[in-house]
Amino acid sequence: MSEDSRPQTVRELGEFALIDRINAGRQQAAHVLLGPGDDAALVAAPDGRFVVSTDMLVEGRHFRLDWSSPEDVGRKAIAQNAADIVAMGARPTAFVVALGCPADTPVPVVEGIADGMWAEAERAGGSIAGGDLVLSEQLVVSVTAFGDLGGQAAITRAGAGAGDIVAVAGELGWSGAGLAVLTGGADSSDPAFAHALAAHRVPQPPYGAVLDVIGGSNPNALTDVSDGLLADLGHLAAASGVAVDVHSAALADPELAIVARLLDADAAQWILAGGEDHAFAGTWPAGTALPPGWRPIGVVTAGSGVTVDGARPTGGTGWESFRGADATPTGRKR
């Protein structure tokens, strides 16, 4: 590539010119009263409370640019934070972002990440209110998300009761399948793997499945499925002081099973422990007609822990950040 045709780098453009470029023409959401350009953003809190969450993506640990586009990375960074806000029963309103990158990072990479973040922030109902740009040895994206409860009580993991229906909204297992394609040497151009790869690169939290029912048929307890269904249901069960039994037949996905056969893998393990699905899992009182987009997958019982068809699971249950921290980077969230 000639000197004239290669992309300009962050070092060549400069910090403030880059900040101006990635913010140019953006429209702030209604809750953002003052966006980038001052010492801090100003965000409305009409409820008198904020729901706040933060998360980080580190290149080589949580994403790879040979696996995902910069836009994919930006969308994923926002989606995983917005899902946490929605899992509390709140509407995302604003996001602040800290981006670290090497000085030789091509400007289009940063612009792509910004475009992806803005696209997902708008899909979630918020906008990028501000942030920071710093020099670092590798790409790092850190997002803090804010949400508004609209006068409602927060929906936590702690409200499940014995007899509740356990239900999920969103896809399970497909992100794990996409990761298996990328790490297993499969032909990623094969159309059979397209949906799995898309699910891993850009999660699609079903925000509306939660937000459209708030104030009506609220779940008793709710969580985002990020570390794996069994792991996150385990967190919910522990917080509520109950047990959860999952029905494997209710989780079966024939299309995912086709992908698993092509990779000589276990679709059930992806569904139960794959992680990074960013679906939602909640519980409702027995006899409740579940809202649109939700399907029953189990029941809450007295006791502790999570079982599958009445038995303790024998495989993995999900992701923990520091377990296997020296292993090959996998693109996993945490």
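What you are looking at is a predicted structure, and each value in this text was computed from that prediction instead of being measured.
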Novice: Between Glu120 and Lys76, does any side-chain N to carboxylate O distance fall below 4.0 Å?
Specialist: no

Novice: Which heavy atom of Pro92 sits nearest to which heavy atom of Leu211, and what is that distance?
Specialist: CD-CD1, 4.3 Å

Novice: Just so I know, are the side chains of Val10 and Leu18 near enough to count as touching, which here means a heavy-atom distance under 4.5 Å?
Specialist: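 Side chain of Val10 against side chain of Leu18, heavy atoms only: contact under 4.5 Å found.
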
Novice: For Ala209 and Trp294, work out which heavy atoms get closest and say how close.
Specialist: O-NE1, 2.9 Å

Novice: Test side-chain contact (heavy atoms from CB on, under 4.5 Å) on Val32 and Thr93; report intermediate values, then the result.
Specialist: CA-CA 7 Å; Val32 179; Thr93 57; over 6 Å; no

Novice: Going through the checks in order, is the side-chain contact (heavy atoms from CB on, under 4.5 Å) test met by Phe193 and Leu263?
Specialist: CA-CA 10 Å; Phe193 301 136; Leu263 297 175; 3.7 Å; yes

Novice: Heavy atoms only: give me the nearest Ile22-Ala114 pair and the separation to one decimal.
Specialist: CB-CB, 3.9 Å

Novice: Does Asp72 reach the side chain of Phe63, with side-chain heavy atoms less than 4.5 Å apart?
Specialist: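 No, side chains not in contact.
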
Novice: Tell me whether Asp66 at atom CG has more than 12 heavy atoms from other residues, nucleotides or ligands lying less than 6.0 Å away.
Specialist: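 Atom CG in Asp66 is crowded, with more than 12 foreign heavy atoms closer than 6.0 Å.
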
Novice: Below 4.5 Å, heavy atoms only, C-beta onward: do Trp284 and Val300 meet side chain to side chain?
Specialist: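 No. Closest side-chain heavy atoms not under 4.5 Å.
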
Novice: If you round to the nearest 0.5 Å, how far is CG of Leu233 from OG1 of Thr223?
Specialist: 8.0 Å

Novice: Under 3.5 Å, side chain of Ser142 to main-chain N/O of Met56, donor-acceptor pair present?
Specialist: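 Here the side-chain-to-backbone pair does not exist.
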
Novice: Give me the atom names and distance for the closest heavy-atom approach of Asp47 to Gly150.
Specialist: OD1-C, 3.6 Å

Novice: Does Asp38 reach the main-chain N or O of Ala40 with its side chain, forming a donor-acceptor pair under 3.5 Å?
Specialist: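 A pair under 3.5 Å: no.
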
Novice: Give a yes or no on this: more than 12 heavy atoms of other residues, nucleotides or ligands lie within 6.0 Å of atom CG of Asp187.
Specialist: yes

Novice: Under 4.5 Å side-chain heavy-atom separation, chaining through any Ile, Leu, Val, Met, Phe, Trp or Tyr, what else clusters with Leu236? Say none if it is isolated.
Specialist: none

Novice: Supply the atom-to-atom distance Tyr207 OH to Arg123 CZ, rounded to the nearest 0.5 angstrom.
Specialist: 4.5 Å

Novice: Is there side-chain contact between Leu65 and Leu139, with heavy atoms separated by less than 4.5 Å?
Specialist: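 Yes. Closest side-chain heavy atoms under 4.5 Å.
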
Novice: Would you kindly say whether Asp245 and Thr307 are connected by a side-chain donor-acceptor distance under 3.5 Å?
Specialist: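 There is such a pair between these side chains.
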
Novice: Just so I know, are the side chains of Leu222 and Met88 near enough to count as touching, which here means a heavy-atom distance under 4.5 Å?
Specialist: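 No, every pair of side-chain atoms sits at 4.5 Å or beyond.
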
Novice: Could you state the interatomic distance from CG (Leu272) to CG (Leu229), rounded to the nearest 0.5 Å?
Specialist: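 If I round to the nearest 0.5 Å, the distance is 6.5 Å.
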
Novice: Between Arg295 and Leu290, which heavy-atom pair has the shortest distance, and what is it?
Specialist: C-CD1, 4.0 Å

Novice: To the nearest 0.5 Å, how far apart are CG in Asp115 and CZ in Arg75?
Specialist: 11.0 Å

Novice: I'd like to know if Arg64 pairs up with Glu59 as an ion pair, taking the criterion as any Lys NZ or Arg NE/NH1/NH2 lying under 4.0 Å from an Asp or Glu carboxylate oxygen.
Specialist: no

Novice: Could you state the interatomic distance from SG (Cys101) to CZ (Arg11), rounded to the nearest 0.5 Å?
Specialist: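 Reported to 0.5 Å precision, the distance equals 10.5 Å.
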
Novice: Who else is in Leu33's hydrophobic cluster (ILVMFWY, side-chain heavy atoms under 4.5 Å, direct or via others)?
Specialist: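 Leu34, Leu42, which link up through side-chain heavy atoms under 4.5 Å apart, make up the rest of the cluster.
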
Novice: Run the salt-bridge test on Asp266 and Arg261 with the 4.0 Å N-O cut-off and return the result as yes or no.
Specialist: no

Novice: Keeping the roles fixed (side chain from Ser240, backbone from Arg157), state whether a donor-acceptor pair exists under 3.5 Å.
Specialist: yes

Novice: Could you see if Val96 belongs to whatever hydrophobic cluster contains Ile128? Use Ile, Leu, Val, Met, Phe, Trp, Tyr and a side-chain cutoff under 4.5 Å.
Specialist: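 The answer is no; the residues belong to distinct hydrophobic clusters.
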
Novice: Using atom types as modelled and distance alone, determine if a side-chain donor or acceptor of Ser127 lies under 3.5 Å from a backbone N or O of Gln28.
Specialist: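 Absent.
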
Novice: Ser226 vs Asp232, test: side-chain contact (heavy atoms from CB on, under 4.5 Å). Steps then yes/no.
Specialist: CA-CA 7 Å; Ser226 55; Asp232 288 307; 4.1 Å; yes

Novice: Under 4.5 Å between side-chain heavy atoms, counting indirect links through other Ile/Leu/Val/Met/Phe/Trp/Tyr residues: same cluster for Leu57 and Trp118 or not?
Specialist: yes

Novice: Which pairs of donor and acceptor atoms, one on a side chain in residues 162-181, lie under 3.5 Å apart (sequence neighbours left out)?
Specialist:
from   : atom 1 : to     : atom 2 : distance (Å)
Asp164 : OD1    : Asn220 : ND2    : 3.4
Asp164 : OD2    : Gly161 : N      : 3.1
Asp164 : OD2    : Asn220 : ND2    : 3.0
Asp164 : OD2    : Thr283 : OG1    : 3.0
Glu171 : OE1    : His195 : NE2    : 2.9
Glu171 : OE2    : His195 : NE2    : 3.0
Trp174 : NE1    : Asp253 : OD2    : 3.0
Ser175 : OG     : His200 : ND1    : 3.2

Novice: Using side-chain heavy atoms (C-beta onward) and a distance below 4.5 Å, is Ile258 in contact with Leu256?
Specialist: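 A side-chain contact under 4.5 Å is absent here.
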
Novice: Inspect the contact between Glu12 and Arg6 and indicate whether a charged nitrogen and a carboxylate oxygen are less than 4.0 angstrom apart.
Specialist: yes

Novice: Of all heavy-atom pairs between Ala44 and Phe50, which one has the smallest distance, and what is that distance?
Specialist: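 Ala44 and Phe50 have their closest heavy atoms at O-CE2, 3.6 Å.
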
Novice: Flag the pair His247 / Val299 as yes when at least one side-chain heavy-atom distance between them is below 4.5 Å, and no otherwise.
Specialist: yes

Novice: For the pair Asn81 (side chain) and Asp55 (backbone), establish whether a donor and an acceptor sit closer than 3.5 Å, ignoring hydrogens and angles.
Specialist: yes

Novice: Applying a strict under-4.5 Å side-chain criterion to I, L, V, M, F, W and Y, I'd like to know whether Val213 and Val86 cluster together.
Specialist: no

Novice: For the hydrophobic clusters of this structure (ILVMFWY residues joined by side-chain heavy atoms under 4.5 Å, transitively), does one cluster hold both Leu99 and Leu135?
Specialist: no

Novice: So, does Arg201 use its side chain to make a donor-acceptor pair with the main chain of Trp67 at under 3.5 Å?
Specialist: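 Side chain of Arg201 to backbone of Trp67, a donor-acceptor pair under 3.5 Å: yes, one is there.
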
Novice: To the nearest 0.5 Å, how far apart are CG in Asp224 and OG in Ser53?
Specialist: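 One finds 9.0 Å between CG of Asp224 and OG of Ser53.
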
Novice: Does any part of the side chain of Leu149, heavy atoms only, come nearer than 4.5 Å to the side chain of Val51, both counted from C-beta?
Specialist: yes

Novice: Under a 4.5 Å side-chain heavy-atom rule over Ile, Leu, Val, Met, Phe, Trp and Tyr, are Phe280 and Val202 clustered together?
Specialist: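 No, it is not one cluster - the side chains of Phe280 and Val202 are not joined through contacts under 4.5 Å.
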
Novice: For Asp309 and Ser248, does a side-chain donor sit closer than 3.5 Å to a side-chain acceptor?
Specialist: yes

Novice: Tell me if the CD atom of Glu255 is crowded by more than 12 foreign heavy atoms within 6.0 Å.
Specialist: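 Open: at most 12 neighbouring heavy atoms sit under 6.0 Å from CD of Glu255.
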
Novice: Between His235 and Asp227, is the side-chain contact (heavy atoms from CB on, under 4.5 Å) condition met? List the steps.
Specialist: CA-CA 10 Å; His235 302 323; Asp227 293 330; 4.0 Å; yes

